[in-house]
**Q** 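I am attaching a structure below and will ask some questions about it afterwards.
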Amino acid sequence: MNIYDIIVIGAGHAGIEASLAVARMGCKTLLITLDVKAIGRMSCNPAIGGVGKGQLVKEVDALGGQMGIASDLCGIQFRILNASKGQAVQSSRAQIDMYKYETYIQGVIKKQKNLKVKEAQVVKLIVRDNQLKGVVTADKGEIVARCVVISPGTFLDGLVHVGMRHYSGGRINEPAAIGLGNNLKDLGFNLLRFKTGTCPRISKKTIDFSRLIEQKGDNPPKPFSFSTPKITRKQVSCYITYTNPKTHKIILDNLDRSPLFAGIIKATGVRYCPSIEDKIVKFRDRQRHQIFLEPQGLKADEIYPNGLSTSLPEDVQLKILRSIQGLEKVEVIRYGYGIEHTVVDSTQLYPTLESKLVKNLFFAGQINGTTGYEEAAAQGLIAGINAALRTKNQEPIILDRSSSYIGVLIDDLTTKGTNEPYRMFTSRVEYRLLLREDNADLRLRKIGHSIGLVSKKDYAKTLAKIKEIEGLKSFLKKNLLKPTSEINKKLANLETTSLKSPVTLEQMLKRPQISLKDLKTLSRMKLVLSESASSQVEIEVKYRGFIERQLAEVARFKNLEKIKLPIDLDYNRINSLSREIQEKLTKFKPLSLGQASRISGITPVAISILMVYLRKINK
């Protein structure tokens, strides 16, 4: 009989990060997938990152994950979104050569020590005394494992919709995973149905680019990974066009043929990435909607018209496309579709992403109710890390809301749950000024190194960066800028007030008109500084007041997070709690007072009662 430390079910972005992490942490690992040729396939748009999502990719990289490195090697256009806004909301996004990405990831998986890939379908989990023991495949083969990570993406009981046609499938022309969903239900899991969708793919050769708006990437492109010195791959442009009243009329005239509006699709769709028919109905006053034409690869003919997700019939999709400027003669390579799939109620998971119902069973990705490659990768990495630590009898890694976007993502899922596909945004993050893209390595590299996922070489770079930052901060505090006529003339040119007495360089840098580059010129600083360290110091100095306020909030937050709640605590014995609150705490099994405080309906009074009770039992 085959025996493994860990089995990972599903080889999408969550499964990739989970399987690589556990194998790199020394665990004997089996990755089970329906099709080995589909490992690393980008099911939807050919891009990674975005608002709130770029931070997740940076954090995955800081912890030792693969997505950032893969994106840098396969990226064909890089942009910083919200570049004109504050540092707290700036996010990286890259267009990806999706065919190169798939090939690269498959190569990494193939070469990874301790990792074996098996093409099969898991239909049942082997569970004894509420503890995971292994899996059963469709060919009735039993495989024993100490832990299992389930990350099936949209394949779990997937149902594809194109117009009035619908059929079983996990992606277009790929079979769904059938059987495992019923097994999870039998084990007591509360299952939901969510819906997502994708756009048609169109032929680049048939687009009139002269009628479109060109959108170039940043120059030079900024890498995702802290290990990538620079991007050397050829970069390309994207293009922008818009829907129009004619487009909208075609859609409205065919709503009776939409599975979404005909009531055929029952599942809950993505609020922040709706289908084009959903947008037209909800925003009837809008005269146009923006469409981004994104290349799927350097050598590919396929273009992804981002913003045109739809499950309308194929003939309607073609009419919609040809009503849009620049696409009047376009040919379709593959039509868009909607897909319903099964998810678990994520409040049935601990912040480690281990199930509360079955020990040693972890869940990651879209099965937890999220949407997006980045959210999946982040969960896969954490689920994999904690599964590996379980096999080593070591304490799990739990990232809280003050540590990372990943911490916010997992806390939202496990504490609040989600009744619609969850997408990460900067607005979900309370301490976003502290949790920026640029300092993800400073926040998380130490953890990645401690568990063996970040190399000594990469961690040494982070330590060197920290030393450089501290040195520059010290230099700015100790050195003065004196009020000479030459200095004041330069300050006037920079449209800032002149000096009457000496001030520290730090005080000068606090001025909104003065950058560190200006300061180097003013003070004739001869320090040779890296861009990453310089940027870090400039942000810290200019935003110090805001940062200190957020740090004070984090300290208050940490006080509640430090007070742990026993998993086996019997809340029914705490008579001063209402029955409703007893039931909620029993159901959610929070690990700390902080997590308990974020459960809907748990009052500040209830938290105070819990604090008093804990003091009493801990005497």
Side-chain angles (χ1 to χ4, degrees), residues 130-132 150 184-185 187-192 194 268 343-365 367-370 375 378-379 382-383 386-387 390 395-404 406-422 424 428-430 557-614 617-618:
N130 296 321
Q131 188 162 320
L132 194 286
I150 300 181
L184 291 172
K185 187 175 182 180
L187 289 168
F189 286 94
N190 180 30
L191 303 182
L192 311 169
F194 281 179
T268 308
V343 304
V344 300
D345 178 352
S346 55
T347 62
Q348 296 174 296
L349 308 178
Y350 293 115
T352 58
L353 295 181
E354 182 183 16
S355 156
K356 294 174 182 176
L357 301 180
V358 179
K359 190 176 181 181
N360 300 335
L361 176 62
F362 296 78
F363 291 84
I367 193 170
N368 291 342
T370 59
E375 290 87 346
Q379 293 172 75
I382 296 301
N386 284 323
R390 172 59 57 79
E395 287 296 307
I397 296 295
I398 298 177
L399 301 177
D400 65 38
R401 300 184 75 88
S402 68
S403 72
S404 57
I406 296 175
V408 172
L409 166 68
I410 293 175
D411 186 65
D412 279 351
L413 291 173
T414 59
T415 302
K416 303 172 186 175
T418 181
N419 57 9
E420 63 185 25
Y422 178 104
M424 177 51 71
R428 296 188 189 273
V429 182
E430 302 94 322
F557 166 82
K558 289 278 192 185
N559 286 336
L560 281 181
E561 296 299 311
K562 286 177 185 174
I563 303 173
K564 303 302 179 185
L565 292 167
I567 290 178
D568 57 355
L569 183 60
D570 186 355
Y571 295 99
N572 295 317
R573 296 182 61 185
I574 309 175
N575 297 324
S576 40
L577 291 175
S578 70
R579 183 175 294 277
E580 178 192 356
I581 288 177
Q582 287 176 345
E583 288 174 356
K584 285 189 174 184
L585 291 169
T586 300
K587 176 188 173 185
F588 281 90
K589 297 180 181 177
L591 299 182
S592 69
L593 273 186
Q595 190 184 16
S597 71
R598 295 188 293 278
I599 297 171
S600 176
I602 302 299
T603 64
V605 172
I607 297 300
S608 297
I609 291 170
L610 282 173
M611 289 179 76
V612 171
Y613 184 80
L614 289 172
I617 64 174
N618 290 329

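What you are looking at is a predicted structure, and each value in this text was computed from that prediction instead of being measured.
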**Q** Phe194: which residues meet the ring-ring contact (aromatic ring centres under 6.0 Å, His included) condition with it, sequence neighbours left out?
**A** none
**Q** When rounded to the nearest 0.5 angstrom, what is the spacing between CG in Asn368 and CD1 in Ile150?
**A** 10.0 Å
**Q** Can you find a pair of side-chain heavy atoms, one from Leu585 and one from Ile602, that are under 4.5 Å apart?
**A** yes
**Q** Have a look at Glu354 and tell me which of Leu361, Asn360, Asn386 forms a side-chain contact (heavy atoms from CB on, under 4.5 Å) with it.
**A** Asn360
**Q** Provide the closest heavy-atom pair for Ala364 versus Ala383 in the form atom of the first, atom of the second, distance.
**A** CB-CB, 4.0 Å
**Q** What's the shortest heavy-atom distance between Pro396 and Thr352, and which atoms?
**A** CB-CG2, 3.6 Å
**Q** Ignoring hydrogens and angles, tell me if any N or O in the side chain of Gln379 forms a donor-acceptor pair with the backbone of Gly365 under 3.5 Å.
**A** yes
**Q** Within this structure, what is the CG-CG distance for the pair Leu565 and Leu614, rounded to the nearest 0.5 Å?
**A** 5.5 Å
**Q** Got a sec, which residues hit side-chain contact (heavy atoms from CB on, under 4.5 Å) with Lys185, two or more places apart in sequence or on another chain?
**A** Leu191
**Q** At what distance, to the nearest 0.5 angstrom, does CZ of Arg401 lie from CG of Asp411?
**A** 4.5 Å
**Q** So do the side chains of Tyr422 and Arg428 get within less than 4.5 Å of each other, counting heavy atoms only?
**A** yes
**Q** Any side-chain heavy atom of Val408 sitting closer than 4.5 Å to one from Met424?
**A** yes
**Q** Between Phe362 and Arg390, is there a cation-pi geometry (under 6.0 Å to ring centre, at most 45° from the normal)?
**A** no
**Q** Restricting to side-chain hydrogen bond (donor to acceptor under 3.5 Å, both in side chains), what partner residues turn up for Thr347, sequence neighbours left out?
**A** Asp345
**Q** Between the side chain of Lys584 and the main-chain N/O of Ser600, is any donor-acceptor distance below 3.5 Å?
**A** yes
**Q** Applying side-chain contact (heavy atoms from CB on, under 4.5 Å), name anything that partners Pro604, two or more places apart in sequence or on another chain.
**A** none
**Q** In Å, rounded to the nearest 0.5 Å, how long is the span from CG of Leu399 to OG of Ser404?
**A** 4.0 Å
**Q** With a 3.5 Å cut-off and sequence neighbours excluded, list the donor-acceptor pairs that the side chains of residues 569-579 form with protein atoms.
**A**
{"unit_1": "Asp570", "atom_1": "OD1", "unit_2": "Asn572", "atom_2": "N", "d": "3.1"}
{"unit_1": "Ser578", "atom_1": "OG", "unit_2": "Ile581", "atom_2": "N", "d": "3.2"}

**Q** Could you tell me if the side chain of Ile609 sits less than 4.5 Å from the side chain of Val605, heavy atoms only?
**A** yes
**Q** Given side chains that start at C-beta, do those of Tyr350 and Ile398 come closer than 4.5 Å, heavy atoms only?
**A** no
**Q** Identify the two heavy atoms, one from Ser355 and one from Val358, that lie closest to each other, and give their separation to 0.1 Å.
**A** OG-N, 2.9 Å
**Q** Any side-chain heavy-atom pair from Val343 and Thr418 closer than 4.5 angstrom?
**A** no
**Q** Ignoring hydrogens and geometry, is there a side-chain-to-backbone donor-acceptor pair from Gln348 to Asn190 under 3.5 Å?
**A** yes
**Q** By the definition side-chain contact (heavy atoms from CB on, under 4.5 Å), identify the one residue from Thr414, Asp400, Ile382, Leu413 that meets it with Pro351.
**A** Thr414
**Q** If you take all heavy atoms of Ile406 and Ala378, which pair is closest and at what distance?
**A** CG1-CB, 3.9 Å
**Q** Could you list the donor-acceptor pairs under 3.5 angstrom formed between side-chain atoms of residues 586-596 and any protein atom two or more places apart in sequence or on another chain?
**A**
{"unit_1": "Thr586", "atom_1": "OG1", "unit_2": "Gln582", "atom_2": "O", "d": "2.7"}
{"unit_1": "Ser592", "atom_1": "OG", "unit_2": "Glu561", "atom_2": "OE1", "d": "3.4"}
{"unit_1": "Ser592", "atom_1": "OG", "unit_2": "Gly594", "atom_2": "N", "d": "3.4"}
{"unit_1": "Ser592", "atom_1": "OG", "unit_2": "Gln595", "atom_2": "N", "d": "3.1"}
{"unit_1": "Gln595", "atom_1": "OE1", "unit_2": "Leu591", "atom_2": "N", "d": "2.8"}
{"unit_1": "Gln595", "atom_1": "NE2", "unit_2": "Thr415", "atom_2": "OG1", "d": "3.2"}

**Q** Side chains of Phe363 and Leu353, heavy atoms from C-beta outward: is any pair under 4.5 Å?
**A** no
